[in-house]
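These values consider heavy atoms only, across backbone and side chains, with no hydrogens, waters or symmetry-generated copies. On a predicted model such as this, the values are computed, not experimentally measured, just so you know.
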Amino acid sequence: MAKFDHHLHTSRHSPDSIIDPNVLAVRGRAAGLDGLVITEHDHQWSAEELEEINAGLVDFVILSGVEVSAFEGHFLVYGLPDLTDVRPGMRVRELLKVVRRRGAAIVAAHPYRWDQDFDSIVAENGASFDGIEMVSNNVTPQTRAKAERLLSRLPMGRTGSSDAHQAEVVGCYHTEFPGTIRTMADFVTAVRSGKGIPRHAGGDLMAAGPLD
């Protein structure tokens, strides 16, 4: 099994985060994880940056996706070679086209947050998301309950991540995937399988509540 926190931000490219990227591996290992996926707001780390941050790491990997600020809300996208066709404010239906054309994966970040009408998004686009973020530091018990009701009737995967903007939050929630993940291609395959299991690390940082 591979345990990944795959929604978090750093001070390098997300102005609202205070996480120094250099502490990520230490924080991730302390939470019992096998890896992390950085998802800056509308920015994706370069191959050179990832090579630098992974230098010297053994049995731990740091990857990069992106949190896209679409017109209807925020969506985590993994596996895009670049952001040429992605822009803030784009419609979800257009983002989904890019994701499928590029063979990437997409997860709805903190659905129903800020009174988002996520039911209408699904009604318009179908069960098109590879995963729904059921728990994170920015998911409440109320929005989690709405997500659980949606997932009880539609075939989409469940994920959990920290949505960390502070180092101590990293790994509070994460997703456990079958198999081994060492590359972004591995991670995309894992997310698209729909077999991820949301987990929590325990302690006080469980804004959405505990998991079995």
Practice task
Kindly give the heavy-atom pair with the smallest separation between Gln116 and Pro111, and that separation in Å.
Solution key: OE1-CA, 3.3 Å

Practice task
Using distance alone, with no hydrogens and no angle criterion, decide if Tyr112 and Asp119 have a side-chain donor and acceptor under 3.5 Å apart.
Solution key: yes

Exercise for the section: Verify the distance criterion only: is there a donor paired with an acceptor across the side chains of His13 and Glu49 at less than 3.5 Å? Expected result: yes

Handout entry: Arg144 side chain to Met134 backbone, donor-acceptor under 3.5 Å
Key = no

Handout entry: Residue that, paired with Asn138, satisfies side chain to side chain donor-acceptor pair (under 3.5 Å) out of His110, Arg113, His165, Glu133
Key = Arg113

Exercise for the section: Would you please indicate if the ring centroids of Phe177 and Phe4 are separated by under 6.0 Å? Expected result: no

Practice task
Check whether any side-chain heavy atom of Pro88 sits under 4.5 Å from a side-chain heavy atom of Phe71, and report yes or no.
Solution key: no

Practice task
Please name the pair of heavy atoms, one in Ala207 and one in Ser136, separated by the smallest distance, quoted to 0.1 Å.
Solution key: CB-O, 4.1 Å

Problem - Transitive ILVMFWY side-chain link Leu63 to Leu76, under 4.5 Å - result: yes

Exercise for the section: Determine, using the 4.5 Å side-chain heavy-atom cutoff (strictly less than), whether Trp45 and Leu33 are members of one ILVMFWY cluster. Expected result: yes

Handout entry: Within 6.0 angstrom of Asp115 CG, more than 12 heavy atoms from elsewhere
Key = no

Problem - CZ on Arg29 to CG on Leu36, rounded to 0.5 Å - result: 10.0 Å

Practice task
Give a yes or no on whether the backbone of Val92 and the side-chain of Glu72 come within a donor-acceptor separation of less than 3.5 Å.
Solution key: yes

Practice task
Kindly indicate whether the side chain of Arg91, heavy atoms from C-beta on, has any atom under 4.5 Å from the side chain of Leu95.
Solution key: no

Practice task
Would you confirm whether Asp5, through its side chain, and Gly171, through its main-chain N or O, come within 3.5 Å as a donor-acceptor pair?
Solution key: yes

Exercise for the section: Please check if any side-chain donor atom of His174 sits under 3.5 Å from a side-chain acceptor atom of Ser162, or the reverse. Expected result: no

Practice task
Looking only at non-hydrogen atoms, find the nearest pair between Val188 and Gly79 and report the distance.
Solution key: CG2-CA, 3.8 Å

Practice task
Before accepting this row, confirm whether a basic side-chain N of the pair Asp85/Arg101 lies closer than 4.0 Å to the acidic partner's carboxylate O.
Solution key: yes

Exercise for the section: Taking the side chain as every heavy atom from C-beta outward, state whether Val68 and Asp42 have any atom pair closer than 4.5 Å. Expected result: yes

Practice task
To the nearest 0.5 angstrom, please state how far the CZ atom of Arg27 sits from the CD atom of Glu168.
Solution key: 6.5 Å

Problem - Main-chain N/O of Ser11 paired with Ser14 side-chain donor or acceptor, under 3.5 Å - result: no

Problem - Cluster overlap Leu8 with Val169, hydrophobic side-chain contacts below 4.5 Å - result: no

Handout entry: Side-chain heavy atoms of Phe118 within contact of Leu150, under 4.5 Å
Key = yes

Problem - Thr143 (side chain) donor-acceptor with Val139 (main chain) under 3.5 angstrom - result: no

Problem - Non-hydrogen side-chain atoms of Arg199 and Tyr173 separated by less than 4.5 Å - result: no

Problem - Minimum-distance pair of heavy atoms, taken over all atoms of Pro198 and Val135 - result: CB-CG2, 4.1 Å

Problem - Shared hydrophobic cluster, Ile19 / Leu57 (ILVMFWY, side-chain heavy atoms < 4.5 Å) - result: yes

Completion exercise
Heavy-atom nearest pair, Ala190 first then Ile181, reads CB-CD1, 3.8 Å

Practice task
If the plane angle is over 60° it's perpendicular, under 30° parallel, otherwise tilted; pick one for His74 and Trp114.
Solution key: perpendicular

Problem - Asp59 atom CG: more than 12 heavy-atom contacts under 6.0 Å - result: no

Practice task
Side-chain contact test, heavy atoms from C-beta onward, threshold under 4.5 Å: evaluate it for Thr175 versus Lys195 and give yes or no.
Solution key: no

Exercise for the section: Give the minimum heavy-atom separation between Val66 and His43, together with the two atoms involved. Expected result: CG2-N, 3.4 Å

Handout entry: Min side-chain heavy-atom separation Arg102-Val86 under 4.5 Å
Key = no

Practice task
Would you kindly say whether His9 and Glu67 are connected by a side-chain donor-acceptor distance under 3.5 Å?
Solution key: yes

Practice task
Would you give the length of the straight line joining atom CD1 of Ile197 to atom NZ of Lys3, rounded to the nearest 0.5 angstrom?
Solution key: 11.0 Å

Exercise for the section: Rounded to the nearest 0.5 Å, what's the gap from CG on Leu83 to CD on Gln44? Could you check? Expected result: 5.0 Å

Problem - Chi angles and distances behind the side-chain contact (heavy atoms from CB on, under 4.5 Å) call for Thr10, Asp20 - result: CA-CA 6 Å; Thr10 78; Asp20 182 340; over 6 Å; no

Exercise for the section: Look at Asp34 together with Arg182 and state whether they make a salt bridge at an N to O cut-off of under 4.0 Å. Expected result: no

Practice task
With the side chain counted from C-beta on, respond yes when Tyr78 and His6 share a heavy-atom pair under 4.5 Å apart, and no when they do not.
Solution key: yes

Practice task
Ignoring hydrogens and angles, tell me if any N or O in the side chain of Ser161 forms a donor-acceptor pair with the backbone of Asp163 under 3.5 Å.
Solution key: no

Exercise for the section: Report the distance from atom OG of Ser46 to atom CG of Asp82, rounding to the nearest 0.5 Å. Expected result: 12.5 Å

Problem - Any donor-acceptor N or O pair under 3.5 Å, side chains Thr183, Asp186 - result: yes

Problem - Check: Arg100 side chain, Ser128 main-chain N or O, donor-acceptor pair, under 3.5 Å - result: yes

Handout entry: Cluster check Ile132, Ile106: I/L/V/M/F/W/Y, side chain < 4.5 angstrom
Key = yes

Exercise for the section: Flag the pair Lys97 and Glu94 as a salt bridge only when some basic side-chain nitrogen lies within less than 4.0 angstrom of an acidic carboxylate oxygen. Expected result: yes

